[in-house]
Protein chains: 2
Amino acid sequence: MEWSEHARRELNRAGHRTGGARDAVVELLAGQDCCLSAQDIHDRLRGGERAVGLASVYRALEVLTQLGLTRRVDVGGTAAYEPASPGGEHHHHAICDRCGKLDAFEDEQLEALIDGVAERLGYAIGEHEIVLRGACPDCAGERSIHVER
Amino acid sequence: MEWSEHARRELNRAGHRTGGARDAVVELLAGQDCCLSAQDIHDRLRGGERAVGLASVYRALEVLTQLGLTRRVDVGGTAAYEPASPGGEHHHHAICDRCGKLDAFEDEQLEALIDGVAERLGYAIGEHEIVLRGACPDCAGERSIHVER
DNA sequence: GTCAGTGCAAAGCTTTTGCAGCGCG
DNA sequence: CGCGCTGCAAAAGCTTTGCACTGAC
């Protein structure tokens, strides 16, 4: 649990008070490597010891994202959030059209290439997001066995 | 105007009748290289000779996208659509956080690298989307001149 | 004549906002 | 003890759906 430390410190440094709701969101996110939607977070916290209003989840995520502590990922209409590693490394996502599974991947070359493109465009890029959509290994396999549909 | 031909033929081939609303959407999209939201399309058509209900715009876009004739792009919460070149080439987008400007770019190496990643993951990728967010050349320049804020 | 296509209005979702009360510092 | 944090409920988008009607084939 190192990220939660970092997050709490940064929140404090930015002049935010410690509140029960935001703290619960931070703690939940700390134990999560990949992305969760606001609704997901709200649901999981409701089951736990500290329930948090949905609006507070959104507000917490807004602050965290603004401080660069979380990364917002747009996967198909709804926003999802994941802790951002302080180091700056990050991953991207592949989503299965069939079963909805979401896999993460990283690729250094890809990052380098993106930086190159950004430079070519003259953009000072702060963020980038890559989403792959298709059939995951399981579903792709199935399709070739069951011919129907 | 080559894409509209292609689109109409494909729609027909898929068993769809020719309707005024969808046809107007196709025609508008044909003259558009980059992405438009459903609302944009609705607004532009309202000004033109054939107004189209917003719901029909959505329905048209759904069919077109399902047939692979248009590409859906998720740029920050709202969906936008653009004609998909029959050849398969496509571009990606860079969005300025400051002024909202949207630029398109393409990069062959990037495409190749993505294919490699997809293979490594075992995914049969049908689509992918890359979004860059940051300061466009104009806004990045401004920031370095005006120090304030 | 039949049934897909269409427009309008209503419903559904996600996300944001207003407001009153609570509690950290 | 003030002001930020929180929860609830209402509001504000965007998108989908229901239904009656029109028009293509």
Side-chain angles (χ1 to χ4, degrees), chain A residues 7-29 35-67 69-81 100, chain B residues 7-29 35-67 69-81 100:
Chain A
R8 278 189 257 259
R9 207 173 311 147
E10 287 301 309
L11 282 167
N12 199 284
R13 210 159 65 87
H16 289 282
R17 292 186 185 172
T18 308
R22 187 162 52 216
D23 212 58
V25 171
V26 167
E27 195 164 313
L28 175 61
L29 281 173
C35 45
L36 288 176
S37 72
Q39 189 66 59
D40 287 342
I41 295 173
H42 177 244
D43 289 345
R44 298 202 188 188
L45 289 175
R46 178 149 50 187
E49 42 191 69
R50 176 54 159 96
V52 170
L54 185 52
S56 298
V57 173
Y58 277 107
R59 282 191 274 237
L61 292 171
E62 188 190 340
V63 171
L64 289 168
T65 303
Q66 207 120 51
L67 291 177
L69 295 166
T70 47
R71 219 162 73 89
R72 180 192 161 135
V73 180
D74 276 325
V75 355
T78 27
Y81 299 80
Chain B
R8 278 189 257 260
R9 204 173 313 147
E10 287 301 309
L11 282 167
N12 198 285
R13 209 158 65 88
H16 289 283
R17 293 185 184 172
T18 308
R22 188 163 50 215
D23 212 58
V25 171
V26 168
E27 196 164 311
L28 175 63
L29 282 174
C35 44
L36 289 176
S37 72
Q39 188 67 57
D40 288 341
I41 294 173
H42 176 243
D43 290 344
R44 298 201 189 190
L45 290 175
R46 177 150 51 186
E49 43 191 68
R50 177 56 158 93
V52 170
L54 185 53
S56 298
V57 173
Y58 276 107
R59 282 190 274 237
L61 291 171
E62 187 190 340
V63 171
L64 289 168
T65 302
Q66 208 119 50
L67 292 177
L69 295 166
T70 46
R71 220 161 73 89
R72 180 190 162 137
V73 180
D74 276 324
V75 355
T78 26
Y81 299 80

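It should be emphasised that the depicted structure is a prediction, and the values quoted were computed from it without experimental measurement. Note on naming: letters A, B, ... go to the chains in the order of the sequence lines (proteins, then strands), and numbering restarts at 1 for each one.
At whole-Å resolution of the value, CD in A:Gln66 and P in C:dT16 are 11 Å apart. Nucleotide D:dT15 holds its P atom 6 Å from the OH atom of B:Tyr81, rounded to whole Å. Regarding B:Leu61, its CG atom lies at a distance of 16 Å from the C1' atom of D:dT17, rounded to whole Å. Here the P atom of nucleotide C:dT14 and the CG atom of A:Asp43 are 10 Å apart, to the nearest Å. Atom pair A:Leu36:CG and C:dT15:C1' shows a separation of 17 Å (rounding to whole Å applied).
Judged purely by atom type and a 3.5 angstrom limit, B:Arg71 has no side-chain atom pairing as donor or acceptor with the backbone of B:Cys35. Under the 3.5 Å distance criterion, the side-chain polar atoms of B:Asp23 are left unmatched by any main-chain donor or acceptor of B:Gly20.
Here the shortest heavy-atom pairing between B:Ala24 and B:Val52 reads CB-CG2, 3.9 Å.
Between B:Arg72 and B:Asn12, the one whose closest nucleotide on DNA chain D sits nearer the 5' end is B:Arg72.
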| message | Counting primed atoms plus P, OP1 and OP2 as sugar-phosphate and everything else as base, spell out the protein contacts along nucleotides 4-14 of chain D at 4.0 Å heavy-atom distance: B, S or - for each nucleotide, 5' to 3'. | response | SSBBBB----S
| message | Before you tell me yes or no, could you show the steps for A:Arg50 and A:Glu27 under side chain to side chain contact (heavy atoms under 4.5 Å, CB included), namely the whole-Å CA-CA distance, both residues' side-chain angles and the distance that decides it to 0.1 Å? | response | CA-CA 11 Å; A:Arg50 176 54 159 96; A:Glu27 195 164 313; over 6 Å; no
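A salt bridge does not link B:Arg59 to B:Glu62: none of the charged side-chain nitrogens sits closer than 4.0 Å to a carboxylate oxygen.
Taking CG of B:Leu64 as the reference point, atom CD of B:Glu10 lies at 11.0 Å (rounded to 0.5 Å).
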